[in-house]
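Worksheet for the structure shown next.
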Amino acid sequence: MKAKTLKIAAAAVVIIAVLVGIHGIPWGHSVAWADVIQPILNARTASLDIHIGSPGGEVVIHDDVMGSRIHRTVSNTPDADIVIDFRQQRLLTIHHSTK
């Protein structure tokens with residue numbers, strides 16, 4: 001790289017690559033974090049499973065979260081459902097066999 005124009009061209013390519021890396025490609029559509037997280041924040045309910053233990057002896061806790069309330073079922077107690085209300089600070093256990 002003894003030619004002056006070749007050095008300038010190589011420096012220009014490096015500068016353009018760094019600017020594209022920092023700012024992204026200017027003609028593409030970018031997605032903001034707020035656009036990604038907004039549906040999650042606006043959700044009224046969420047469902048999740050918690051797996052505890054090893055396969056074969058695993059306990060699965062299924063939660064349906066609705067605002068300040070959680071409806072919980074546990075795999076090793078299929079006869080009972082639990083409702084947790086954080087707003088009223090109460091817990092209700094429903095036993096299906098004894099009604």
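The first residue of the sequence shown is numbered 1, and numbering continues consecutively from there. No hydrogens, no waters, no symmetry mates; every other heavy atom, side chains included, goes into these values.
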Could you tabulate the donor-acceptor pairs under 3.5 Å formed by side-chain atoms of residues 78-88, not counting sequence neighbours?
{"unit_1": "Asp79", "atom_1": "OD1", "unit_2": "Ser97", "atom_2": "N", "d": "3.0"}
{"unit_1": "Asp79", "atom_1": "OD2", "unit_2": "Ser97", "atom_2": "N", "d": "3.4"}
{"unit_1": "Asp79", "atom_1": "OD2", "unit_2": "Ser97", "atom_2": "OG", "d": "2.6"}
{"unit_1": "Asp81", "atom_1": "OD2", "unit_2": "His71", "atom_2": "NE2", "d": "3.4"}
{"unit_1": "Asp81", "atom_1": "OD2", "unit_2": "His96", "atom_2": "NE2", "d": "3.2"}
{"unit_1": "Asp85", "atom_1": "OD1", "unit_2": "Arg87", "atom_2": "N", "d": "3.1"}
{"unit_1": "Asp85", "atom_1": "OD1", "unit_2": "Gln88", "atom_2": "N", "d": "3.3"}
{"unit_1": "Asp85", "atom_1": "OD2", "unit_2": "Arg69", "atom_2": "NE", "d": "3.3"}

Tabulate below the donor-acceptor pairs under 3.5 Å that side-chain atoms of residues 49-62 make, not counting sequence neighbours, or state none.
{"unit_1": "Asp49", "atom_1": "OD1", "unit_2": "His62", "atom_2": "ND1", "d": "2.5"}
{"unit_1": "His51", "atom_1": "ND1", "unit_2": "Glu58", "atom_2": "OE2", "d": "3.4"}
{"unit_1": "His62", "atom_1": "NE2", "unit_2": "Asp64", "atom_2": "OD1", "d": "3.1"}

Value for CG (Asp63) from CD1 (Ile70), rounded to nearest 0.5 Å, stands at 5.5 Å

- Query: Quick one: do Val74 and Leu91 end up in the same hydrophobic cluster if we chain Ile, Leu, Val, Met, Phe, Trp and Tyr together by side-chain heavy atoms under 4.5 Å apart?
  - Reply: yes

